[in-house]
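Take a look at the structure set out below.
Proteins come first, then strands; the chains are lettered A, B, ... in the order of their sequence lines, and each starts at number 1.
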Amino acid sequence: MERTYKPQEFEKKWQDKWFSELSYEGKDLDETRKKYYLLVEFPYPSGDSMHMGHTRNYSMFDAVARLRRMKGENVMFPMGWDAFGLPTENYAIKVKRAPQDITRENIDTFRRQLKSLGLSFDWSREVNTTDPEYYKWTQWIFLKLYEKGLAYKAKKPINWCPKCKVGCANEEVVDGKHERCGTEVEQKDMDQWVLRITEYADKLDKDLDLTDYVESVKTRQRNWIDAKTWYDVKYQVEGTDEYMQVSTTRPDTQFGATFVVVAPEHPILQELMGKMPESNSEEVQKYIESSKKKSDLERVSESKNKTGAFTGLYCLNSISGERLPIYAADFVLANIGTGMVVGVPAHDKRDFDFAQKFNIPVIRVIEGPDGDRSEIKEAKDVYEDEGTVYGSGFMNGLGSEEARVKAAEYIKEKGIGDTVRRYHLQDWIFSRQHYWGEPIPIVHCPVCGDVAVPEDQLPLELPYVKEYEPSVTGESPLAAMTDWVNTKCPKCGGDAKRETDTMPNWAGSSWYFIRYTDPHNTKAIASPELMKYWMPVDLYEGGQEHVNLHLLYSRFWYKFLYDQGIAPSPEPYHKRTIHGMVLGEGGAKMSKSLGNVISPDDLISKYGADVTRAYMMFMGPYEGDVVWSAETINGVKRFVSKYYDFVLNAWNNKQGESDEAAHKALAKLLKREEDNLLSLKFNTSISALMEFYNEYSKSIFNQEDIEKLIIVIAPSLPHMSEELWSLIGHKDSVHNQQWPNVDEKLLQEETIEVPVQINGKVRGRITISTSDTENLIREKVLSDQALLGYLNGGEIRKFIYVPNKIVNVVV
RNA sequence: GCCAAGGUGGUGAAAUUGGUAUACACGCUACGUUCAGAACGUAGUCCUAGCAAUAGGAUGGGGGUUCAAAUCCCCCCCCUGGCACCA
């Protein structure tokens, strides 16, 4: 049969109408309705077309936005552009055009593509991180951080390509080599701006309890922060007045310490060099030289085979009083703890490996389960868990945790050390030696030092330059712009130079969700009333690649603004969920080089926006990766066009009363759609529609039910729903209709079929009334001849009836 | 090594969270429609035995709890992501 469903003939018409009437605006300060702030990660507008991943994520959440609006909520569903960054800069260098112009064109493409999917974004709130009116406030937040001492300058290593003579971003370094030329990159120390995120590390960890993120996101945030209490203790070097600042997280094992290890690059080794016996100092010097040549990768890959050098020196363990030999070894890292570690071979695998190699004794001090104190002879016996402490003086008999408390008291009392909070999370290096980012609003004055650009001079605009390549000194291309660089000091008026580093691409995305609440405000990042009304974000959906850094950075900025009395809540996002990826046919990542990229434009012109969207939802569960299949989309297309004909036929054959079964099933369908979409089960929301169609497409419906047949598909098939709505004579939009309240009575069945098991095996089913008592059901089962056959006249030991679910008879 | 999420038909996947395993869709098979293809329609499709009714088996493997396990507990295997000599 020829299908009448021709989406190309009406989708554009409805999109034009939707977007010209701005019907999807979230209404500010509307206290009559529940507000719902639905945030999807904004895209990086690359030079290629929009990705299938965007298509899928946005389609899914557009259904949620549309459903919630129909349920009467005041939904804000905004969109914008995260447009600073390297891909555009590299492309600009290649084609010798301004990134500003390229970005504008890319955004136009992306906006057109999003609109051609019929996504109901609130375009009146569009933001663009590269717009000076936007980054004015990014710079303003930076100055606030600077003012509060949370932005500071420090020498930090950057990746330096000696061949191209440029600094490169981490993303440009693949396997230790510069992506562009294949040369091995070096580390070069440069003055850089750093944000003191570690100041917020404990809050960022603890306040995860205030949120409703999916558990895996919380875990990943916690692991990334990895906050630990360290115990730094001073050990005197025997025969000298030098002290070693040794660090551990397990002071409960201190009495098992049999040696001390220093990272080879640690400066204390040079200080001790003169005190070492000559043969030892030579050996240590040689060891330091050789380990300098090793890359990080080599260090790790050799981890099984420990290396090191004995200094010939000993120190006194100030907790146990033991005399410990001091070694230099590169399995200890200079930047972890104090770079000096106590070796406890019985309770640390690495220490054990080292002790074996250098014939150092192994002393056990923590009991295993059931009081196990057996000797540690092999690597597999090493006991790293906690337990009762023995052979440890003042800590004897305590559990590991209590022992640590005791140890902390002890070292503080004796004045030999202290506890320190340390994190895996490092302070955030905020400088980039690139052009396409927000200029850092600082002026370097030879008299006054670093001076903040006054607020009324913001935005500090990025000037157009001729060359976008980083300069041969490793500085940003802005350094060559002498007109721009040379300025006056805002404080003393003397000659001064501007900071030429720019901000990382994480900057603009760290607060965009705030700007959406009040995107055109020229006086503040957003008005307090609007922030208070809309924040926090109710649901933030995004990719797992942003779960570590972006989430942490944006929570950090938001918490900082909260502490300044600007942001209205301690956390920016109430809930955070993660989508899966769309993979190419066969399961490989879609990429230009593999040639397996599917363009949303092609799909929309071939199948229409609704089929594309519904297919994206149907492919698989939201959190999982899905594999593109050209064949499967036909199934969805088939269903969508059949449903279109079904509604039109139902309209032509409509009666005063719907078939009772169909009427009830429709009520259930509305409930299922609502439940599925709100719990992000997009795939089953589409199957539910298919099931209903398969069962009731030949049924008779009345006018009211036909309208519901159209409303129920409005969230997931918005164009077709709108078209059908107008075809049956409505002038207003289906998307402005109320989502029907379902009569609970229609969801209840009076009679149902329940399976009957004999000894756990299904042997038949009986029809019961939902109000039947257990006794009545027992009678029904025992009077069923077919079921009696299975009982074999045996004695009934147990009769189980789970109301409305199942009967099990145990014989 | 550690952390996280998984493993269900030929394929993508469902399973009201302990209650009829495999819904829905793809693919495949047969028949029909069609000049042909595409598209469409009807029927079938977890495995084994049987013409059939039916019986037995099956959710990575093994054990356990329970009237009842894909789901809960213990051990093992495999795939995917992240972190990684973090003391």
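Between A/Phe682 atom CZ and B/rA14 atom P there is a gap of 13 Å when expressed in whole angstrom units. The distance from atom CH2 of A/Trp224 to atom C1' of B/rG81 is 14 Å, rounded to the nearest whole Å. Atom CG in A/Leu551 sits roughly 16 Å away from atom C1' in B/rA4 (whole-Å rounding). Between A/Met617 atom CE and B/rC24 atom C1' there is a gap of 14 Å when expressed in whole angstrom units. Protein atom CG of A/Asn548 is 17 Å distant from nucleotide atom P of B/rC3, rounded to whole Å. Between the NZ atom of A/Lys606 and the P atom of B/rA39 there is a distance of 10 Å, rounded to whole Å. Between the CD1 atom of A/Ile766 and the C1' atom of B/rU20 there is a distance of 13 Å, rounded to whole Å. For the pair A/Met619 CE and B/rC24 C1', the interatomic distance rounds to 16 Å; values are reported in whole Å.
Residue A/Asn683 is classed as a sugar-phosphate contact, given heavy-atom separations below 4.0 Å to backbone atoms only. A/Asn808 comes within contact range of at least one nucleobase, with a heavy-atom separation under 4.0 Å. Using a 4.0 Å heavy-atom criterion, one finds that A/Val810 contacts the sugar-phosphate atoms exclusively. The residue A/Glu215 sits apart from the nucleic acid: no heavy atom pair falls under 4.0 Å. Contacts of A/Asp625 with the nucleic acid, taken as non-hydrogen atoms under 4.0 Å apart, involve only primed sugar atoms and P, OP1 or OP2.
Between B/rU48 and B/rA58, the distance separating the two P atoms is 15 Å to the nearest Å. When the P atom is used for both B/rA23 and B/rA14, the distance is 13 Å, rounded to whole Å. Comparing B/rG56 with B/rA43, their P atoms sit 30 Å apart, to the nearest whole Å. Atom P of B/rG18 sits at a distance of 8 Å from the matching atom of B/rC72, rounded to the whole Å. Spacing between B/rU22 and B/rU59 at atom C1', rounded to whole Å, works out to 9 Å. Going from the C1' atom of B/rA25 to that of B/rG63 covers 37 Å, rounded to whole Å. Rounded to a whole angstrom, the distance from the C1' atom of B/rG50 to that of B/rG57 is 16 Å. Across B/rA70 and B/rA15, the matching C1' atoms stand 9 Å from one another, rounded to whole Å.
Within 6.0 Å of NZ in A/Lys218 there are more than 12 heavy atoms belonging to other residues, nucleotides or ligands. For A/Tyr243, the OH atom sits in a loose shell: 12 or fewer heavy atoms of surrounding residues, nucleotides or ligands are nearer than 6.0 Å.
Both tests pass for A/Lys306 against the ring of A/Phe331: distance under 6.0 Å to the centre and angle within 45° of the axis.
A donor and an acceptor atom, one from each side chain of A/His579 and A/Glu541, are located under 3.5 Å apart. At a cut-off of 3.5 Å, with distance as the only test, no side-chain donor of A/Thr338 or A/Asp232 sits close to an acceptor on the other residue. No side-chain N or O of A/Tyr231 forms a donor-acceptor pair with one of A/Thr249 less than 3.5 Å apart. Residues A/Arg576 and A/Thr211 bring no donor and acceptor atom of their side chains to less than 3.5 Å of each other. Side chain to side chain, A/Asn676 and A/Ser685 fail the donor-acceptor criterion of an N or O pair below 3.5 Å.
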(request) Summarise how protein sits on nucleotides 25-30 of chain B as a single string, 5' to 3': B when a protein heavy atom is under 4.0 Å from the base, S for sugar-phosphate-only contact, - for no contact. (result) SSS---
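Comparing A/Gln757 and A/Lys681, the nucleotide of RNA chain B nearest to each residue sits closer to the 5' end for A/Lys681. Residue A/Lys805 is the one, among A/Arg220 and A/Lys805, whose nearest nucleotide of RNA chain B lies closer to the 5' end (criterion: closest heavy atom).
Residues of residues 664-678 of chain A that place a heavy atom closer than 4.0 Å to RNA chain B do not occur.
A salt bridge does not link A/Asp226 to A/Arg222: none of the charged nitrogens lies less than 4.0 Å from a carboxylate oxygen.
In this pair, A/Tyr383 and A/His347 present their aromatic rings perpendicular. The plane angle is above 60°, beyond the 30 to 60° band. Aromatic ring pairs are classed by plane angle as parallel below 30°, tilted from 30° to 60° and perpendicular above 60°; the pair A/Phe692 and A/Tyr696 is tilted. By the 30° and 60° cut-offs, the orientation of the rings of A/Tyr553 relative to A/Trp506 is perpendicular. Taking the six-membered ring where the residue is Trp, A/Phe259 and A/Tyr327 present perpendicular rings, their angle passing 60° and hence far from 30°.
Base orientation of B/rU80: anti, since the glycosidic angle falls outside 90° of 0. Base orientation of B/rG9: syn (glycosidic angle within 90° of 0).
Using a distance-only test at 3.5 Å, with no hydrogens or angles considered, no donor-acceptor pair links the side chain of A/Ser59 to the main chain of A/Met616. Using a distance-only test at 3.5 Å, with no hydrogens or angles considered, no donor-acceptor pair links the side chain of A/Thr684 to the main chain of A/Ser687. Judged purely by atom type and a 3.5 angstrom limit, A/Tyr622 has no side-chain atom pairing as donor or acceptor with the backbone of A/Asn683.
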Give each protein N/O atom lying under 3.5 Å from an N/O atom of nucleotides 85-87 of chain B, with the pair distance.
residue : atom : partner  : partner atom : Å
B/rC85  : O3'  : A/Arg350 : NH1          : 2.6
B/rC85  : O2'  : A/Phe331 : O            : 2.9
B/rC85  : O2   : A/Lys306 : NZ           : 2.9
B/rC85  : N4   : A/Arg299 : O            : 2.9
B/rC86  : OP1  : A/Arg350 : NH1          : 2.1
B/rC86  : OP1  : A/Arg350 : NH2          : 3.4
B/rC86  : O5'  : A/Arg350 : NH1          : 3.2
B/rC86  : O2'  : A/Lys228 : NZ           : 2.9
B/rA87  : OP1  : A/Lys228 : NZ           : 2.4
B/rA87  : OP2  : A/Lys228 : NZ           : 3.0
B/rA87  : O4'  : A/Arg350 : NH2          : 3.2
B/rA87  : O3'  : A/Thr248 : OG1          : 3.2
B/rA87  : O3'  : A/Thr249 : N            : 2.9
B/rA87  : O3'  : A/Thr249 : OG1          : 3.0
B/rA87  : N6   : A/Leu333 : N            : 2.9
B/rA87  : N6   : A/Leu333 : O            : 3.4
B/rA87  : N1   : A/Phe331 : O            : 3.2
B/rA87  : N3   : A/Arg350 : NH1          : 3.1

Check nucleotides 55-59 of chain B against the protein and report each pair of N or O atoms closer than 3.5 Å, with its distance, or say if there are none.
residue : atom : partner  : partner atom : Å
B/rA55  : OP1  : A/Tyr790 : OH           : 2.5
B/rG56  : OP1  : A/Arg763 : NH2          : 3.4
B/rG56  : OP2  : A/Arg763 : NH1          : 3.3
B/rG57  : OP2  : A/Lys761 : NZ           : 3.3

(request) Determine which bases of RNA chain B form Watson-Crick or G-U wobble pairs with both distances under 3.5 Å, and write the result as a 5' to 3' dot-bracket string with | for other-strand partners. (result) ((((.((..(((......[....)))((((((.......))))))((((....))))..(((((..]....))))))).))))....
Side-chain donor-acceptor distances from residues 804-811 of chain A under 3.5 Å, at least two apart:
residue  : atom : partner  : partner atom : Å
A/Asn808 : OD1  : A/Gly760 : N            : 3.2

(request) Start with the C-alpha gap between A/Val626 and A/Arg56, add the side-chain angles, then the distance that decides, and say whether side-chain contact (heavy atoms from CB on, under 4.5 Å) holds. (result) CA-CA 10 Å; A/Val626 290; A/Arg56 178 165 187 253; 3.6 Å; yes
